[in-house]
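Everything on this sheet refers to the single structure shown next.
The first residue in the sequence is number 1, and the count goes up from there.
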Amino acid sequence: MRIFGLTGGIGSGKSTVARMFREEGLAVIDADRIAREITLPGRPAYEAVLRAFGRGILLPNGRIDRRRLGDIVFADPGKRSELEAITHPEIARGIASELYRLESEGHNVALVEAALIFETGRRARFEAVITVRCGRDRQVRRLVKRDGMSEERILQRIASQMDPEEKARASEHVIDNSGDRAATRAQVRELAERIKSGSAP
């Protein structure tokens with residue numbers, strides 16, 4: 001099975017591009033969805049996260065408040081590393097399980113949508129990496145509109161990730177999401193056809 005990574009900084013439009021790849025007939029595994037699932041009550045990482053960060057991160061319904069937890073870990077690299085040590089092995093197992101399922105269903109290509117492919121040293125697991133990028137101003141505007149975060153918090157989170165231009169240079173393919181949706185879709189369609197035909201490395 002050919003496995004491609006799909007990555008991009010926060011607010012780059014990575015999830016929109018992932019949806020477009022699905023619409024072009026390619027299977028996409030969402031690592032962030034797996035991350036949410038493994039931290040639900042009763043799931044493997046839930047109690048470990050509570051032991052590390054305390055019950056103050058819980059919502060009234062007993063679920064982890066991802067925004068509150070995000071504020072903690074993005075303000076402290078040590079805390080972020082602690083969280084990643086808990087969640088990343090479980091996320092990797094979840095991705096492997098999804099890949100096995102897709103291959104057993106007859107898929108010969110899959111994309112793994114994950115924000116931290118380069119940052120976590122997982123580049124070697126993929127045949128090639130596709131990076132979604134856009135201008136910093138657009139990135140900030142998207143996050144303000146989507147999450148209602150302050151610009152200060154947004155810039156803090158952007159700074160915690162690999163520089164977008166460096167990420168793009170390290171990737172085999174780049175989708176520029178700075179323009180309108182039609183321009184992005186045209187790039188996705190062209191690359192999806194190359195991937196399906198086997199001509200894309």
**Asked** For Ile3, what are the other residues in its hydrophobic cluster, where any two members join if their side-chain heavy atoms are less than 4.5 angstrom apart?
**Response**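 Same cluster as Ile3: Met1, Ile29, Ile34, Ile38, Ile91, Ile95, Leu99, Leu102, Val112, Ile117, Phe118, Phe126, Val129, Met162.
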**Prompt:** By the rule that ILVMFWY residues connect when side-chain heavy atoms come within less than 4.5 angstrom, directly or transitively, which residues belong alongside Leu191?
**Reply:**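 Joined to Leu191, directly or through intermediates: Phe4, Leu6, Val17, Met20, Phe21, Leu26, Val28, Val109, Leu111, Ile130, Val132, Ile175, Val188, Ile195.
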Does the side chain of [X] reach to within under 4.5 Å of the side chain of [Y], using non-hydrogen atoms?
X     : Y      : answer
Leu58 : Ile64  : yes
Val49 : Ile57  : yes
Lys14 : Glu113 : yes

**Arg68 atom CZ, neighbour heavy-atom count above 12 within 6.0 Å** =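 Count not over threshold, so no.
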**Message:** Looking at Arg63, I want to see if its CZ is surrounded by more than 12 non-hydrogen atoms of other residues, nucleotides or ligands under 6.0 Å.
**Reply:**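 Atom CZ in Arg63 is not crowded, with 12 or fewer foreign heavy atoms closer than 6.0 Å.
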Which residues pass the salt bridge (Lys or Arg N to Asp or Glu O under 4.0 Å) test with [X], sequence neighbours left out?
X      : answer
Glu90  : Arg93
Arg181 : none
Arg22  : none
Glu84  : none

**Message:** Set out, in order, the CA-CA distance, both residues' side-chain angles and the distance that settles salt bridge (Lys or Arg N to Asp or Glu O under 4.0 Å) for Asp71 and Arg67, then state yes or no.
**Reply:** CA-CA 6 Å; Asp71 287 344; Arg67 178 169 289 191; over 6 Å; no
**Message:** Can you pull out every side chain to side chain donor-acceptor pair (under 3.5 Å) where at least one residue sits in residues 50-61? Sequence neighbours excluded, please.
**Reply:**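 Every pair satisfying side chain to side chain donor-acceptor pair (under 3.5 Å) with a residue in residues 50-61: there are none.
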**Asked** Does anything in residues 187-201 pair up under side chain to side chain donor-acceptor pair (under 3.5 Å), and if so which pairs, sequence neighbours excluded?
**Response**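 Every pair satisfying side chain to side chain donor-acceptor pair (under 3.5 Å) with a residue in residues 187-201: Glu24-Arg189, Glu193-Lys196, Ser197-Ser199.
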**Message:** Ignoring hydrogens, what is the shortest heavy-atom contact between Gly179 and Arg138? Give both atom names and the distance.
**Reply:**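 In this case the closest contact between Gly179 and Arg138 is O-NH1, 3.3 Å.
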**Message:** For Asn177 versus Gly13, what's the shortest heavy-atom pair and its separation?
**Reply:**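 Heavy atoms of Asn177 and Gly13 come nearest at ND2-CA, 3.5 Å.
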My understanding is that only residues two or more places apart in sequence, or in another chain, count here; which of them pass side-chain contact (heavy atoms from CB on, under 4.5 Å) with [X]?
X      : value
Asp163 : Glu165, Glu166
Asp76  : Lys79
Ala186 : none
Ser178 : Cys134, Asp176

**Request:** Step by step, work out the salt bridge (Lys or Arg N to Asp or Glu O under 4.0 Å) result for Glu119 and Arg80.
**Result:** CA-CA 12 Å; Glu119 293 89 335; Arg80 190 164 70 247; over 6 Å; no
**Prompt:** Do Thr7 side-chain atoms and Ala115 backbone N/O form a donor-acceptor pair below 3.5 Å?
**Reply:**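 Such a contact is found between Thr7 side chain and Ala115 backbone.
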**Asked** Applying the 4.5 Å side-chain criterion to the ILVMFWY set and letting contacts propagate, would Phe74 and Ile10 be lumped into a single cluster?
**Response**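 No.
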**Prompt:** Would Thr120 and Arg122 count as having a side-chain donor-acceptor pair, cut-off 3.5 Å?
**Reply:**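 Short answer, yes.
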**Message:** Walk me through whether Arg133 and Lys167 qualify under side-chain contact (heavy atoms from CB on, under 4.5 Å).
**Reply:** CA-CA 9 Å; Arg133 72 173 176 195; Lys167 190 173 283 193; over 6 Å; no
**Asked** Do Asn108 and Arg2 pass the side-chain contact (heavy atoms from CB on, under 4.5 Å) test, and can you show the C-alpha distance, the side-chain angles, and the key distance before you say yes or no?
**Response** CA-CA 6 Å; Asn108 57 12; Arg2 302 177 68 207; over 6 Å; no
